[in-house]
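Working notes, structure below.
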Amino acid sequence: MNDNAPDNDRPLDPVRPCTICGKPATLRFRPFCSKRCADVDLNRWLSGAYAIPVTEDDDEDGGSGKSGGPER
């Protein structure tokens with residue numbers, strides 16, 4: 001192996017834990033340690049396990065809630 005070639009599987013400096021399993025993250029898959037942990041995270045997003053919380057307003061368009069037309 002060439003000494004000048006980047007080693008994408010080496011731990012990050014400073015070492016940060018993988019957000020899934022806690023092992024040291026690597027450059028190649030950061031912020032994860034492996035493709036498996038990256039895929040686990042992707043699956044959590046796609047399946048809805050992660051969600052951004054929102055507050056529901058009664059009337060999202062800014063009206064008074066009455067049907068029929070704009071406020072006067």
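Residues P24 and P17 have side chains not in contact (no heavy-atom distance under 4.5 Å, counting atoms from C-beta outward).
Hydrophobic clustering, defined by side-chain heavy atoms of Ile, Leu, Val, Met, Phe, Trp and Tyr closer than 4.5 Å, groups L42 together with L46.
The OG atom of S34 sits 7.0 Å away from the NZ atom of K23 when rounded to the nearest 0.5 Å. Taken to the nearest 0.5 Å, the CZ atom of F32 stands 5.5 Å off from the CD1 atom of I20. The SG atom of C18 lies 14.0 Å from the CZ atom of R30; values are rounded to the nearest 0.5 Å.
Evaluation of the salt bridge (charged side-chain N to carboxylate O under 4.0 Å, His left out) test over residues 38-54, restricted to residues two or more places apart or in two chains, returns K35-D39.
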